[in-house]
2 protein chains.
Amino acid sequence: MSTTGRGLHGRVLDTLGPEITAGTYPPGSVLRTDELAQRFDVSRSVMREAVRVLESMHLVESRRRVGVTVLPACEWNVYDPQVIRWRLAGADRPRQLRSLTVLRSAVEPVAARLAAENATAEQCAELTEAALGMVAHSRGHKLEGYLFHDVAFHRVILTASGNEMFARLGDVVAEVLAGRTHHDVMFPDPDPAAVTLHVQVAEAVRARDAERAERLTREITEGALQELDILAP
Amino acid sequence: MSTTGRGLHGRVLDTLGPEITAGTYPPGSVLRTDELAQRFDVSRSVMREAVRVLESMHLVESRRRVGVTVLPACEWNVYDPQVIRWRLAGADRPRQLRSLTVLRSAVEPVAARLAAENATAEQCAELTEAALGMVAHSRGHKLEGYLFHDVAFHRVILTASGNEMFARLGDVVAEVLAGRTHHDVMFPDPDPAAVTLHVQVAEAVRARDAERAERLTREITEGALQELDILAP
DNA sequence: TGTGACAAATAAGTCTGACTTTTTGATTCC
DNA sequence: GGAATCAAAAAGTCAGACTTATTTGTCACA
């Protein structure tokens with residue numbers, strides 16, 4: 001599940017990216033390419049490539065005669081999957097998880113509405129299969145299997161919406177769900193009400209009932225928000 | 001309004017980025033770093049930096065002995081502001097504008113609800129000022145002034161929500177609104193109903209009426225969607 | 001004393017060329 | 001025909017020299 005790994009510059013990013021997103025260097029801090037190259041024991045060319053990537057994520061800004069300046073968090077490309085992973089691995093994980101869950105609560109109901117209008121027969125089948133999979137793994141400490149089908153379910157909804165901006169949030173939702181299962185406190189078995197809601201959403205989409213699909217999905221995401229409130233008020 | 005401009009590699013990206021996002025090279029196409037370096041008359045180091053940036057946007061994938069492979073659109077980081085600008089400048093602009101407007105319709109109502117709960121006094125003032133500015137420029141072909149305050153209004157809503165994921169969509173909304181004003185057909189004066197709605201949202205936020213702020217904002221975004229349907233059905 | 005021009009220092013930016021590593025696909029041998 | 005081997009291709013890496021822009025500081029001049 002390592003993020004980059006591709007090449008030496010990826011190795012550098014794997015430690016420098018998390019450091020920056022964790023706030024190790026306060027905004028305005030200046031790093032020097034040469035020093036970084038020394039620290040990571042790579043050539044300047046490799047270090048420059050890494051800096052270019054960080055720059056494209058708006059984590060840093062490189063200026064002549066000044067150096068590589070760390071930008072304030074409000075500038076970061078927080079939708080970059082890499083940045084999301086780095087931040088989820090860091091200390092302000094709970095805050096991040098909350099932001100993303102709020103985003104989910106805005107997007108997924110609308111996506112479900114669109115999915116009900118646009119889903120193909122195949123996507124309806126995948127949805128039903130995922131919902132049934134969730135049911136099958138909802139009891140007896142089978143959290144891994146449950147997570148698998150949960151992720152699949154929400155991915156199908158987002159993809160079937162037909163909106164590419166929604167579809168690309170599939171990875172984000174997957175990270176959030178995985179994070180909830182693995183790192184945070186979670187009950188040994190998922191909430192039965194949530195499981196039922198997923199099944200009902202699948203039914204609504206299959207029945208082309210957009211209104212109902214949206215309302216039920218809103219219940220799901222509101223449940224996810226309440227769950228966060230209980231764990232970290 | 002030029003996007004990158006910083007350094008030689010930025011110059012390369014300014015032409016290569018739009019080419020790729022426009023679909024000039026079909027997914028799976030293979031580019032060679034050396035050839036690209038020749039074409040743009042830059043050194044391999046510079047070309048490699050540009051490729052790294054494209055790679056971090058998931059537009060291409062670089063593999064040894066193969067070359068730089070163009071990835072299918074479903075892999076692209078479509079939330080990267082740079083990618084958004086490149087695509088909005090390209091041929092499938094209308095499609096892109098629709099995707100982003102649907103995203104707005106999902107996000108902004110929820111953001112308005114949160115803004116009503118969390119906005120500071122200063123943000124309330126900014127919101128009112130923006131709404132009044134829209135009113136002042138709503139008649140007499142003052143589209144530029146209207147756009148300015150419209151952008152400001154939606155930026156404040158998204159920022160005041162207190163959710164950083166929402167806040168970062170300010171630039172996206174700005175692009176969408178600017179695109180609508182400049183490139184697409186638009187009536188010489190904005191819809192009076194929309195202007196009124198903005199004023200009412202500002203009032204609702206000031207009055208801490210979250211429910212009403214959400215409902216009114218939903219009306220605004222649904223209006224934006226209908227406007228798109230009229231222009232490009 | 002203030003100000004403007006000029007010079008020096010600094011760190012990123014660029015280029016070149018040689019070398020390494022990985023991957024692929026073709027060839028050969030069993 | 002299949003497996004092992006080898007050669008070519010392209011990205012990856014490195015070192016070093018050089019360029020350029022920007023900042024800072026100094027000095028002369030008003």
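Proteins come first, then strands; the chains are lettered A, B, ... in the order of their sequence lines, and each starts at number 1.
Here the shortest heavy-atom pairing between V205(A) and C124(A) reads CG1-SG, 4.2 Å.
Judged by distance alone, with hydrogens and angles left aside, the side-chain atoms of R168(B) form a donor-acceptor pair with the main-chain N or O of C74(A) at under 3.5 Å. W76(B) places a side-chain N or O within 3.5 Å of a backbone atom of L71(B) that can act as its donor or acceptor partner. Listed for the N118(A) side chain is a donor-acceptor partner under 3.5 Å among the backbone atoms of L114(A). In terms of modelled atom types and a separation under 3.5 Å, the side chain of E126(B) and the main chain of V156(B) share no donor-acceptor contact. S161(B) contributes no side-chain N or O that, together with a main-chain N or O of A111(B), makes up a donor-acceptor pair within less than 3.5 Å.
Considering only heavy atoms from C-beta on, R48(A) comes within 4.5 Å of T33(A) through its side chain.
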Base-contact (B) and sugar-phosphate-only (S) positions in nucleotides 18-27 of chain C, heavy-atom cut-off under 4.0 Å, - elsewhere: B--BSBB---

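Ion pairing between a basic and an acidic side chain is recognised when a charged N comes within 4.0 Å of a carboxylate O; R52(B) and E49(B) show no such pairing. With respect to E227(B) and R104(B), no salt bridge is recorded, no charged nitrogen being found less than 4.0 Å from a carboxylate O.
Distance CG (D41(B)) to P (dT14(C)): 13 Å, rounded to an integer number of Å. Protein atom CZ of R32(A) is 5 Å distant from nucleotide atom P of dA11(C), rounded to whole Å. Between E49(B) atom CD and dC15(C) atom C1' the separation is 12 Å, expressed in whole Å. Rounded to whole angstrom, the span from the CG atom of L36(A) across to the C1' atom of dA11(C) amounts to 13 Å. Per the geometry, CD belonging to E61(A) stands 11 Å off P belonging to dG13(C), to the nearest Å. If you measure from atom CZ of R52(A) to atom C1' of dT14(C), you get 11 Å, rounded to the nearest angstrom. Straight-line distance from the CE atom of M47(B) to the P atom of dG13(C): 17 Å, rounded to whole Å.
Chain B approaches DNA chain D over the interval dA8(D) to dT13(D), counting the first and last nucleotide 5' to 3' with an atom under 4.0 Å from its heavy atoms.
Within the 4.0 Å cut-off from OP1 or OP2 of dG13(C), not a single side-chain nitrogen or oxygen of S45(B) is found.
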